[in-house]
Amino acid sequence: MNDTFTPKEALQKLERFCAYQERCHAEVISKLYSLKMSSDEIDNIVFQLIEGNFLNETRFACSFARGKHRIKNWGKIRITNELKLKQISSTNINLALKEISPEEYVATFEQLSERCWNNLHEKNTLKKRKKFCDYMLRRGYESNLVYDKVKTL
């Protein structure tokens with residue numbers, strides 16, 4: 001198998017790559033560098049992918065936020081940080097966070113916190129509270145939500 005691709009072959013490969021699942025610009029550019037494309041070719045291919053609606057940063061951010069919240073039960077802080085790592089603009093991050101309704105967010109938080117609290121087998125209450133808070137904060141939930149919840153539990 002040859003390691004070099006023509007720009008046309010690379011474009012087709014990237015169209016499939018983007019059609020398979022939503023991608024951010026950084027992932028696509030990194031993939032193109034791995035295919036040994038030049039900067040000009042990369043710019044051209046990314047432009048064509050955007051034109052063909054294969055690549056859309058806003059759509060990526062929204063689907064990422066919905067998926068990570070619904071499937072992995074991540075909080076808004078974790079989602080924001082992960083999107084920043086993928087070099088998504090703050091405008092798109094804010095749009096993405098609006099995809100999660102406040103009702104759904106609170107329901108997920110309540111469900112996750114109850115499950116976490118009940119699964120912690122720690123005799124010492126202070127240690128149990130610390131483990132609970134650490135877990136919920138790692139999941140990306142706001143500290144005020146977590147600390148209010150630990151008081152009620």
| remark: Arg115 meets the salt bridge (Lys or Arg N to Asp or Glu O under 4.0 Å) criterion, sequence neighbours left out, with none

| Taking side chain as C-beta onward, heavy atoms only, is Ile100 less than 4.5 Å from Ile79? | yes

| Non-neighbouring partners of Arg138 that pass side chain to side chain donor-acceptor pair (under 3.5 Å), sequence neighbours left out | none

| query | Is the closest side-chain heavy-atom distance between Thr152 and Asp148 below 4.5 Å? | reply | no

| request: Answer yes or no: is there a side-chain heavy-atom contact under 4.5 Å between Met136 and Ser113? | output: yes

| field | Axial cation check for Phe17 ring with Lys31, 6.0 Å and 45° limits | value | yes

| query | Hey, are His25 and Gln87 close enough side-chain-wise for a donor-acceptor pair under 3.5 Å? | reply | no

| request: For Ser30, check side-chain contact (heavy atoms from CB on, under 4.5 Å) against everything at least two apart and list the hits. | output: none

| message | Between the side chains of Glu9 and Lys13, is the shortest nitrogen-to-carboxylate-oxygen separation below 4.0 Å, so that they form an ion pair? | response | no

| task | Quickly, which of Lys130, Lys131, Arg129 forms a salt bridge (Lys or Arg N to Asp or Glu O under 4.0 Å) with Glu122? Name it, please. | result | Lys131

| Hey, mind stepping through Asn81 and Leu85 against side chain to side chain contact (heavy atoms under 4.5 Å, CB included) and telling me if it holds? | CA-CA 6 Å; Asn81 291 339; Leu85 281 176; 5.9 Å; no

| said: With a 4.0 Å cut-off on N to O distance, would you call Glu142 and Lys76 a salt bridge? | reply: no

| request: Check whether NZ of the Lys or CZ of the Arg Arg23 lies under 6.0 Å from the centre of the six-membered ring of Phe60 and within 45 degrees of that ring's axis. | output: no

| task | I would like to know whether Asn53 and Arg59 meet side chain to side chain contact (heavy atoms under 4.5 Å, CB included); could you show each step before the answer? | result | CA-CA 10 Å; Asn53 206 18; Arg59 195 175 61 208; 3.1 Å; yes

| request: Hey, could you give me each pair passing ring-ring contact (aromatic ring centres under 6.0 Å, His included) that has a residue in residues 79-120? Not counting sequence neighbours. | output: His69-Tyr105, Tyr105-Tyr141, Phe109-Tyr141, Trp117-Phe132

| Does any non-hydrogen side-chain atom of Arg16 lie less than 4.5 Å from one of Tyr20? | no

| Student check: side-chain heavy atoms of Asn44 and Pro7 closer than 4.5 Å | no

| Any side-chain heavy atom of Ile88 within less than 4.5 Å of one from Phe64? | no

| field | Inter-residue atom distance Leu83.CG - Leu97.CG, 0.5 Å rounding | value | 7.5 Å

| query | Do Thr6 and Leu11 pass the side chain to side chain contact (heavy atoms under 4.5 Å, CB included) test, and can you show the C-alpha distance, the side-chain angles, and the key distance before you say yes or no? | reply | CA-CA 9 Å; Thr6 65; Leu11 177 65; over 6 Å; no

| task | Answer yes or no: is there a side-chain heavy-atom contact under 4.5 Å between Ile42 and Val28? | result | no

| query | Is the shortest heavy-atom distance from the side chain of Leu32 to the side chain of Glu41 under 4.5 Å? | reply | no

| Taking only residues two or more places apart in sequence or in another chain, which ones pass side chain to side chain donor-acceptor pair (under 3.5 Å) with Glu110? | Lys149

| Modelled atom types, side-chain donor and acceptor of Asn92 and Thr58, under 3.5 Å | yes

| remark: Hits for salt bridge (Lys or Arg N to Asp or Glu O under 4.0 Å) against Lys128, two or more places apart or cross-chain, chain-then-number order -> none

